[in-house]
Amino acid sequence: MSAETFPAIIIDREGDGQKVSFRSIDETALPPGNTLVRVEASTVNYKDGLLLSGAIPLIQSFPMVPGIDLAGIVEWSDHPRWRPGDRVIANGWGLGERHWGGYAGKCRLDGDWLVACPDRFSAKQAMAIGTAGYTAMLCVLALERQGVQPDDGEILVTGASGGVGSIAISLLARRGYRVVAATGRLSEEPYLRHLGAASLIDRAEFAQAGAPLQKERWAGAIDTAGSHMLANICASLRYGGTVAATGIAQGADFPATMYPLALRGITICGVDSVHAAVELRQTTWKALAAELDLGLLKSMTNEIALADVIEVAPTILAGGVRGRIVVEVGT
Ligand SMILES: NC(=O)c1ccc[n+]([C@@H]2O[C@H](COP(=O)([O-])OP(=O)(O)OC[C@H]3O[C@@H](n4cnc5c(N)ncnc54)[C@H](OP(=O)(O)O)[C@@H]3O)[C@@H](O)[C@H]2O)c1
């Protein structure tokens, strides 16, 4: 009997570059692993755009199935935590870079990388959250670990209309923070206010090199941009403030000075989602299940088919996606 086939996006090496295709594969093609998951849904994050475009050489071996996130059902497992029928999520751990990821009907992987999908979320809702939303909550938790509280003052969120930004705004507003959304798309004001932003600021105000110490404004910030934006945030954090820094939408450089650290005691808190410990992931997903407004999540989400991921990749890299994208993988 021939093996069941399923659709997949595959990235192959082509000369010095790479070639992306959409085709059918079967289980025998999957790399080894102690758990087989039938993928129901995935998503498109900024990093998925990077993997699909090859803009930064992140892929460690070819051929590669990209997709840094997946949600689905365990079909088979040798791992002590998982049984057939369990509803699971995977985010990061090198999926799509070193290990075949979520843009295929099935994924064989290490059961250590899975977390249980909270009962409150369907597979599609879990992927509407995805790495972006889980990172947004990691950032909120990081600010609070540093002692930032709602009555301390305004919190700035950069990349506000994007995935991390949209979910961060809704989570912070729900916790009672006054959120200022930094965006290049001021036309998205109704959307950003609907998510919970108290006011908007043009990201152009942060985009160029600024003075090393500026007027103290932010009690905290969640930054998805890096580069000058992160440097200007540091220069305008209040005494003792914290920025949770997680992204590079403006650039991976960090042209800053020591003054805000040495003279204002600010904290730059790096936030990594890829290798976050399982316990932290479980805490984060539990907090998302307890707090995230599913109506707001729906209002920031669009759904596409697996084959359509290929054409969305350049759009997300160009900052043209609003909110989140769910990819329907299962039939
Ligand atoms: N460290 C981690 O583990 C981790 C996890 C998740 C995400 N990230 C990073 O966080 C960033 C955001 O991810 P995402 O999935 O939310 O991406 P996204 O949906 O594409 O959102 C990025 C947003 O950044 C803003 N932006 C675009 N170009 C910019 C520029 N040149 N300068 C300043 N802002 C710009 C845009 O928002 P506006 O139009 O509203 O300005 C855009 O929507 C990415 O760099 C991603 O790699 C890191």
Side-chain angles (χ1 to χ4, degrees), residues 42-53 55-56 58 67-69 91-97 127-142 156-171 179-193 195 197 200-208 221-233 243-254 268-277 280-281 284 300-302 312-327:
S42 184
T43 178
V44 186
N45 301 278
Y46 187 89
K47 190 169 191 178
D48 293 306
L50 290 174
L51 290 164
L52 285 155
S53 72
I56 303 179
L58 294 171
I68 68 171
D69 286 323
N91 313 103
W93 293 120
L95 290 174
E97 296 176 74
M127 289 297 97
I129 299 164
T131 286
Y134 141 69
T135 303
M137 184 56 101
L138 284 174
C139 290
V140 172
L141 297 177
L156 184 72
V157 174
T158 62
S161 313
V164 176
S166 293
I167 297 185
I169 290 168
S170 67
L171 292 172
V179 184
V180 178
T183 182
R185 290 179 267 181
L186 291 169
S187 58
E188 292 293 356
E189 179 162 3
Y191 167 76
L192 294 167
R193 284 194 183 273
L195 297 183
L200 272 67
I201 192 164
D202 189 337
R203 79 170 189 228
E205 289 186 31
F206 298 86
Q208 309 296 327
I222 293 178
D223 179 55
T224 62
S227 192
H228 292 301
M229 300 222 8
L230 179 56
N232 284 317
I233 289 168
V243 54
T246 197
I248 56 166
Q250 185 181 25
D253 57 332
F254 182 34
I268 303 168
C269 197
V271 173
D272 167 58
S273 67
V274 177
H275 295 104
L280 179 57
R281 288 169 190 262
T284 305
M300 65 176 94
T301 304
N302 287 304
V312 167
T315 312
I316 197 162
L317 291 184
V321 169
R322 186 181 89 171
R324 299 283 298 135
I325 296 173
V326 167
V327 179

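In this chain, numbering begins with 1 at the start of the sequence shown. All ligand and atom numbering here is 1-based and tracks the order in the structure.
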(request) Using modelled atom types only, decide if a donor and an acceptor are shared between the side chain of Gln250 and the backbone of Ala207 within a distance under 3.5 Å. (result)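 Here the side-chain-to-backbone pair exists.
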(message) Treating Ser166 as the side-chain partner and Gly163 as the backbone partner, does any N or O pair qualify as donor plus acceptor under 3.5 Å?
(response)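 No.
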(request) Not counting sequence neighbours, which residues clear salt bridge (charged side-chain N to carboxylate O under 4.0 Å, His left out) with Glu205? List them please. (result)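 Result, salt bridge (charged side-chain N to carboxylate O under 4.0 Å, His left out) vs Glu205: none returned.
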(message) Checking Arg203 now: which residues fulfil salt bridge (charged side-chain N to carboxylate O under 4.0 Å, His left out) with it, not counting sequence neighbours?
(response)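 If we apply the salt bridge (charged side-chain N to carboxylate O under 4.0 Å, His left out) test to Arg203, skipping adjacent residues, there are no hits.
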All N/O donor-acceptor pairs, side-chain side in residues 269-276, below 3.5 Å, sequence neighbours left out:
residue: Asp272; atom: OD1; partner: Val274; partner atom: N; Å: 3.1
residue: Asp272; atom: OD2; partner: His275; partner atom: N; Å: 2.9
residue: His275; atom: NE2; partner: Arg98; partner atom: NH2; Å: 3.3

Protein N/O near ligand 1 N/O, under 3.5 Å, which pairs?
residue: ligand 1; atom: 1 (N); partner: Thr246; partner atom: O; Å: 3.0
residue: ligand 1; atom: 1 (N); partner: Thr246; partner atom: OG1; Å: 3.2
residue: ligand 1; atom: 1 (N); partner: Val271; partner atom: O; Å: 3.1
residue: ligand 1; atom: 3 (O); partner: Ser273; partner atom: N; Å: 2.7
residue: ligand 1; atom: 3 (O); partner: Ser273; partner atom: OG; Å: 2.7
residue: ligand 1; atom: 15 (O); partner: Tyr46; partner atom: N; Å: 3.2
residue: ligand 1; atom: 16 (O); partner: Gly163; partner atom: N; Å: 3.2
residue: ligand 1; atom: 16 (O); partner: Val164; partner atom: N; Å: 2.8
residue: ligand 1; atom: 19 (O); partner: Gly163; partner atom: N; Å: 2.8
residue: ligand 1; atom: 26 (N); partner: Arg203; partner atom: NH1; Å: 3.3
residue: ligand 1; atom: 39 (O); partner: Arg185; partner atom: NE; Å: 2.8
residue: ligand 1; atom: 39 (O); partner: Arg185; partner atom: NH2; Å: 3.4
residue: ligand 1; atom: 40 (O); partner: Ala160; partner atom: N; Å: 3.4
residue: ligand 1; atom: 40 (O); partner: Ser161; partner atom: N; Å: 2.9
residue: ligand 1; atom: 40 (O); partner: Ser161; partner atom: OG; Å: 2.9
residue: ligand 1; atom: 40 (O); partner: Thr183; partner atom: OG1; Å: 2.6
residue: ligand 1; atom: 41 (O); partner: Gly184; partner atom: N; Å: 2.8
residue: ligand 1; atom: 41 (O); partner: Arg203; partner atom: NH1; Å: 2.8
residue: ligand 1; atom: 43 (O); partner: Gly162; partner atom: N; Å: 3.4
residue: ligand 1; atom: 43 (O); partner: Arg185; partner atom: NH2; Å: 2.8
residue: ligand 1; atom: 45 (O); partner: Ile248; partner atom: N; Å: 2.8
residue: ligand 1; atom: 45 (O); partner: Ala249; partner atom: N; Å: 3.4

(message) Just by distance, no angles: are the side chains of Ser42 and Asp69 close enough, under 3.5 Å, to form a donor-acceptor pair?
(response)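 No.
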